Every structure is written in structure tokens, then in C-alpha cells.
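Report on the structure given below.
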Amino acid sequence: MSPPRPRPLGGPWGLSVAAALEFKYHHTKELEEYLKGVHAAYPSLTHLHSIGRSVEGRDLWVLVLGRFPTHHNIGIPEFKYVANMHGDETVGREVLLHLIDFLVTSYGRDPVITRLLNNTRVHIMPTMNPDGFEATKEPDCYYTRGRYNRNGADLNRNFPDAFENNSAGIQPETRAVMDWIKNETFVLSANLHGGALVASYTFDNVTGSLNGYSRSPDDDVFVHLAKTYSSNHASMYKGTGCDNRQTFPEGITNGYSWYQLEGGMQDYNYVWGQCFEITLELSCCKYPPAEQLEKFWRDNKVALIEYIKQVHLGVKGQVTDKNGNPIPNAIVEAKGRPHVCPYRTNEQGEYFLLLLPGTYVINATVPGFKSMLKTVEIPDNTGNFSALKQDFSFSEVSDQIRSRVASCPKIPLYQELARTSAAVKPTLNILVLMTIILVIFK
């Protein structure tokens with residue numbers, strides 16, 4: 001039975017502050033007023049908080065939507081959208097405001113949106129670079145100084161990089177997002193940009209030459225995620241790009257195949273955040289006229305919803321001890337898909353692995369104890385809004401024993417791995433083992 005539809009406060013059914021949202025550019029004060037108004041109208045469905053401040057002191061607002069908006073709930077995956085990382089790339093900022101409007105006004109009326117929000121915790125950050133947006137006085141399709149933050153830093157070149165040393169000083173906006181990723185159990189994400197029309201996926205960088213393609217261990221999943229967005233977009237799937245010089249088959253591209261990028265946010269999410277993120281380029285013009293915003297919303301509406309559903313791909317579960325207590329920091333990976341920074345359980349002993357339908361062997365490891373292997377047949381459960389559930393119980397582990405915290409150092413992990421590989425020429429299995437040992441005991 002569906003829960004009752006939350007009634008907007010201060011008005012009859014169907015009338016709320018969200019209903020008044022216009023297709024225009026919302027500057028900082030208007031954006032804040034809108035988000036606060038939505039939360040006031042839908043207090044049981046939303047949670048509004050600031051994850052930090054920009055260089056000039058503007059709040060980095062995040063609106064969380066879901067049945068349990070204020071906190072993580074076991075079994076419910078965390079999803080996020082981030083926009084306006086480059087301050088002069090503005091379409092994503094406004095599209096996400098209209099996504100919020102659509103979600104809160106559809107909950108309880110539309111069965112798909114209702115089930116989606118009942119089974120997913122959705123975080124929406126309309127702007128990561130409010131200073132850059134406010135600094136863009138003259139909208140331009142190609143380039144303005146508003147791309148950067150107040151310190152002149154490109155925030156999408158500012159994260160730790162898994163392939164080479166990034167000498168850029170971490171900016172306040174970047175640090176806030178890194179802490180946010182650390183404090184939540186994000187599973188899937190997208191970063192909204194402008195200046196092209198394509199869905200780009202990890203990796204953005206590479207060590208050595210890989211024939212123009214930097215493949216991650218989960219490349220098949222990333223291709224699927226990118227195609228999910230492009231195929232549900234009004235025109236991205238055509239792959240025509242923005243001019244005759246550049247085309248993207250099916251509207252997707254490997255990040256490195258497009259151009260090499262150091263310190264990008266999507267690679268950081270995947271390597272250190274255990275979160276699959278893709279980059280969505282939504283408009284050929286970075287800062288188009290406001291008259292075009294309604295069309296941009298219509299073009300992206302279905303794709304935005306279908307992409308959120310993909311957070312329910314694959315398998316999820318808990319790792320517990322003999323008494324049923326959760327074991328945090330246990331390593332849980334799919335065989336044949338080793339991550340350079342092994343994916344681990346959270347404080348509730350939970351893991352989430354995005355995997356396409358098929359047969360997989362899931363390996364759960366608590367250091368000091370024998371690993372547990374379980375073969376699973378994963379269906380496509382995105383329509384049911386729940387990944388396959390597979391728990392692991394370690395009968396030899398008591399509640400007095402806990403896996404030691406296994407934090408990966410913010411160094412070029414693939415560079416270190418390549419050096420180790422070149423020195424000893426290990427087999428793949430030994431390589432994976434060495435990686436795990438390096439991470440846990442370094």
C-alpha cells in the first residue's frame with residue numbers, strides 16, 4: 001500500500017510554492033528562496049541542507065527527496081545530481097530546479113515517481129559553483145571567466161586524480177563535495193555540464209597509452225548508464241554533436257577518448273567514492289537564452305528519471321557477524337572486477353554493486369578471515385526499484401572483532417599499481433591481492 005501523498009502546506013491540494021516555478025534563470029537569492037519554499041511545502045518528503053560554502057561565502061545547497069529524506073535507511077540506495085560546476089554552464093542548474101518541481105508535485109499522483117522516491121534517496125545540488133554563475137554578467141555560448149570559481153580554479157580539474165599527481169590546491173567547493181561523498185553511501189550520480197551534447201563516462205585520464213580508450217573494470221555498466229541517458233533524451237542519442245567536426249555514436253563517449261582530463265569529479269567518485277558517475281553535456285550553448293529553458297527541460301525530463309532508476313541495478317546486501325551485527329569496511333567485489341581502491345561496506349555493513357543482468361561471483365572479505373564467495377543470478381530489477389539482495393554472515397566473526405578502517409590514500413593509485421606491476425610482473429590475481437594489501441595496510 002502506498003503511503004499518503006504529502007500535502008503541500010499553506011494551500012489546497014496541488015497548489016504549492018513549487019507550482020510557481022518559471023522558466024527563467026534563478027540567481028542565488030531566488031534559488032535559495034525556491035528551495036526553502038519547496039522544503040516548507042513538503043517537509044516530510046524533502047530535507048534541505050548546505051554541504052559547505054563557496055569562496056565568497058554562498059551556501060552549496062542540496063535538496064534531498066525520498067521517503068526518508070533526513071537520513072540513510074538500510075537497503076535504500078543514495079543517488080545524486082550535481083549541476084553548474086562550471087558557473088557559466090547554466091542549463092543543468094535550471095533543469096534540476098524543474099526536476100525538483102516535477103518530483104514533489106508528482107509524488108502520490110504518479111505511481112512510478114511515488115515508487116521511485118519510496119525506494120531511493122535522491123540528492124539534488126543545483127549549483128556547485130554559485131560564485132562563477134554570479135560572476136557571469138554577459139551570457140555567452142562558448143566561454144566566460146564564470147567557468148571558474150572565485151579563486152580562478154576549474155573545479156572539474158581540482159579533485160585528487162587516480163592516474164597522476166594533481167598539484168592544484170583543493171578549493172572550498174571541492175572539499176565540500178569530497179566530504180559529502182565521504183559521509184554518504186552514494187551509489188550512482190551524474191554531473192550536468194554544457195557546451196556539447198553527449199553522455200561521457202569514466203575514465204577521463206590514463207597511465208600510458210591505451211589506444212584512445214581508458215577502460216574501467218565496470219566499462220560495460222558505464223556504457224549502459226550513458227546509453228540510458230542518451231537514448232531517453234530527445235536528441236542526444238542521434239550523436240550528431242554540435243558541429244560537423246565532432247560526432248558521438250549513440251550520443252556517448254569514453255571521457256579519455258574525447259579528451260584527457262586530470263582531476264575530474266567523475267573519476268574521483270568512482271575510485272574513492274564507490275559511486276558510478278557520468279558527465280552529461282546538455283547544451284551546445286553553455287549559457288543559452290532563457291527562452292530556450294522550457295525546451296531543455298522537455299528534452300531531458302524522461303532521461304533524468306530513467307537514469308535515477310539505474311541506481312537499482314545489480315546487487316546489494318549486508319555483511320554481518322555471527323550475532324547479526326553489521327561489519328563495516330568489509331571488502332565486497334564482483335569476481336573479475338577488481339577496483340584499485342576496493343569497494344567496502346559502510347557503517348551499517350551495507351554494500352551496493354552496480355552490475356548488468358547476468359551471473360556473477362560476489363566475494364566478501366573480512367581481513368583475517370576466510371573470504372566468502374556466492375554465485376548470484378542478477379535480473380534487471382530497475383523496474384522493481386530494488387537491486388537483488390544478497391547478504392553475507394561471517395559465523396567466525398564476533399562483535400568484538402571489526403575490520404580495520406581501510407581508507408585509500410589520495411595518491412595516483414593506478415600509477416603506483418603500474419610501478420608495482422612493472423617491477424614484479426604479477427599475474428592478475430596477484431595484482432589484485434597486492435592492491436588490497438597496499439590499501440589496507442599502507
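What you see is a predicted model; the values in this text were computed from it and never measured.
For His26, the side chain to side chain donor-acceptor pair (under 3.5 Å) criterion is met by Glu94, not counting sequence neighbours. In terms of the side chain to side chain donor-acceptor pair (under 3.5 Å) criterion, residue partners of Thr185 (sequence neighbours excluded) are, by chain and number, Asn346. Under the side-chain contact (heavy atoms from CB on, under 4.5 Å) criterion, Ser216 pairs with Thr202, Phe203, Asp218, Asp219, Phe222, Tyr270, sequence neighbours left out. Residues satisfying the side chain to side chain donor-acceptor pair (under 3.5 Å) test with Thr46, not counting sequence neighbours, are His39.
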Donor-acceptor pairs under 3.5 angstrom involving side-chain atoms of residues 366-376: please list them, not counting sequence neighbours.
residue : atom : partner : partner atom : Å
Ser371  : OG   : Thr365  : OG1          : 2.9
Lys374  : NZ   : Asp391  : O            : 2.8

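Counting only N and O atoms by type, the side chains of Asn191 and His193 include a donor and acceptor under 3.5 Å apart. No hydrogens or angles considered: a donor-acceptor pair under 3.5 Å links the side chains of Asn300 and Tyr229. With 3.5 Å as the limit, one finds a donor-acceptor pair spanning the side chains of Asn205 and Gln260.
Residue pairs meeting the salt bridge (charged side-chain N to carboxylate O under 4.0 Å, His left out) criterion with at least one partner in residues 164-189, sequence neighbours excluded, are Arg121-Glu184.
Ring geometry for His339 against Tyr343 counts as parallel: the plane angle stays under 30°, on a 0 to 90° scale with 60° as the upper cut.
A cation-pi geometry, defined here as NZ or CZ lying under 6.0 Å from the six-membered ring centre and within 45° of its normal, does not hold between Lys316 and Phe352.
Salt bridge absent: Lys322 and Glu396 never bring a charged side-chain N and a carboxylate O closer than 4.0 Å.
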